[in-house]
Amino acid sequence: MVRKTVLITGSSKGLGRALALHFSKNSYDVIIHGRNRKDLENVKEEVLKNNVNCNVVKGDVSDIKTIEELTNIAKIKDIFVLINNVSIASKSLLQEVNDKEIDEVIEVNLSSIMKLTARIYQFFVSKKSGIIININSTGGISCSEDGIIYCTSKHGLKGFTDSLRINAKKNNIKVVGVYPAGMWTTFHDRVGGRKNIETTMKPEEVAEIIFDAIKHDSVHPDELLLTRRSK
């Protein structure tokens, strides 16, 4: 039996890590990506316990060299699933934000995803199969005053995901937008952390739901909206 391969960006921590572990437990070879070598090696060590192969790509997705490296390894490994999980937080009012923050958030949360997906999509079209999962956020559906740059990037990602899906279906390619609310991760640490952490979702449970949603041949989920439990 030939194992399928999944490429997951931003998979050194949080949901990306949980996705890498869950897919590997279900006999997928995994390509993981991140900026911290130590964290990536820790994830690789856990993935290898599931008797699958694991490749590591270290780099910043805002660097085109990282995009090209991810594309090359994806083609070599003949990936079946691309999960665009990489993202950074931003929590500023427009009058507080500077050009550097705008450029960084839009590049990581939107432009880099478009660039990588464009390359992988051509590969999927050539073989008339593949799954693209864009991990978005409820910030891609709603808005907040202090998340104007973040929400703008996520609304852009939703538009990209929805537009791509129209053509992808003609080529037997699934495109799924995932919109999770807050999760128990370090994602918000750079903007001061998250309040009410006890009500957040577990990334392991979110990863399981995502895997289950795309494992069936006759079902094509367009979107997954995942909300937190209330207390």
Side-chain angles (χ1 to χ4, degrees), residues 4-26 28-50 52-63 66-67 69-71 73-74 77 79-90 105 107-110 112-117 120 131-140 150 153-154 157 161 176-191 194 200-215 224 226:
K4 295 177 180 177
T5 301
V6 58
L7 164 59
I8 309 168
T9 64
S11 43
S12 60
K13 294 181 180 179
L15 178 59
R17 175 183 180 276
L19 285 164
L21 295 180
H22 193 81
F23 271 78
S24 66
K25 288 176 183 176
N26 286 273
Y28 269 76
D29 288 338
V30 181
I31 304 169
I32 58 175
H33 155 265
R35 293 183 297 179
N36 185 296
R37 174 65 67 178
K38 182 178 179 181
D39 289 341
L40 286 169
E41 291 299 331
N42 288 339
V43 176
K44 180 179 180 179
E45 183 178 345
E46 292 298 310
V47 166
L48 292 177
K49 292 178 182 178
N50 295 315
V52 299
N53 297 316
C54 182
N55 293 85
V56 175
V57 176
K58 177 185 176 295
D60 192 325
V61 290
S62 62
D63 185 344
T66 302
I67 299 288
E69 185 176 356
L70 288 167
T71 301
I73 190 67
K77 296 292 292 183
I79 69 165
F80 182 64
V81 182
L82 166 64
I83 304 181
N84 288 305
N85 175 69
V86 68
S87 183
I88 57 173
S90 172
V105 174
E107 180 64 39
V108 173
N109 292 1
L110 180 57
S112 70
I113 293 173
M114 295 176 70
K115 292 172 185 177
L116 176 61
T117 303
I120 301 299
I131 300 174
I132 299 168
I133 303 173
N134 289 335
I135 307 298
N136 201 309
S137 162
T138 50
Y150 177 78
S153 70
K154 293 301 186 179
L157 180 57
T161 303
V176 185
V178 181
Y179 301 86
M183 283 181 284
W184 193 303
T185 71
T186 60
F187 177 71
H188 287 271
D189 285 358
R190 91 175 205 141
V191 290
R194 174 183 287 281
T200 55
M201 300 182 293
K202 295 179 180 179
E204 294 79 12
E205 294 178 351
V206 174
E208 182 178 351
I209 290 171
I210 292 170
F211 180 85
D212 288 345
I214 58 97
K215 70 181 182 181
L224 296 175
L226 308 175

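Small disclaimer: the values here were computed from a predicted structure and weren't measured.
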Minimal non-hydrogen separation, V56 against R37, with atom names: CG1-NH1, 3.5 Å
Results of ring pair (Phe, Tyr, Trp, His ring centres under 6.0 Å) for H33 - residues two or more places apart only: none
Point-to-point distance, once rounded to the nearest 0.5 Å, from CG of L19 to CD1 of I8: 5.0 Å
Residues which pass side chain to side chain donor-acceptor pair (under 3.5 Å) with K77, listed by chain and number, not counting sequence neighbours: none
Side-chain donor or acceptor of S112 paired with backbone N/O of E107 under 3.5 Å: yes
Interatomic distance, E204 atom CD to L15 atom CG [nearest 0.5 angstrom]: 9.0 Å
Contacts of D39 that satisfy salt bridge (charged side-chain N to carboxylate O under 4.0 Å, His left out) - sequence neighbours left out: K13
V108 backbone acceptor or donor facing S62 side chain under 3.5 Å: no
K58 side, atom NZ; E69 side, atom CD - distance, nearest 0.5 Å: 10.0 Å
Partners passing side chain to side chain donor-acceptor pair (under 3.5 Å) against S12 (at least two apart in sequence or in another chain): none
Residues in side chain to side chain donor-acceptor pair (under 3.5 Å) contact with S137, at least two apart in sequence or another chain: Y150
With sequence neighbours excluded, residues passing side chain to side chain donor-acceptor pair (under 3.5 Å) with T117: N84
L116 and L82, any side-chain heavy atoms less than 4.5 Å apart: yes
Shortest non-hydrogen separation from G140 to N136 and the atoms involved: CA-OD1, 3.5 Å
Separation between CZ of F23 and OG1 of T5, rounded to the nearest 0.5 Å: 11.5 Å
Salt bridge present between E46 and K25 (N-O < 4.0 angstrom): no
Atom pair CG/CE of L157 and M114 - distance to nearest 0.5 Å: 9.5 Å
Closest non-hydrogen atom pair, A213 against L224: CB-CD1, 3.7 Å
Where V178 and I133 come nearest, the two heavy atoms and their spacing: CG2-CG2, 3.7 Å
Between CD1 on residue I113 and OG on residue S87, distance to nearest 0.5 Å: 7.0 Å
Test item: N85 side-chain N/O and G10 main-chain N/O as donor-acceptor pair under 3.5 Å: yes
Over all atoms of both residues, closest heavy-atom pair of I120 and T71: CD1-CA, 4.1 Å
Minimum-distance pair of heavy atoms, taken over all atoms of P180 and I135: CG-CG2, 4.4 Å
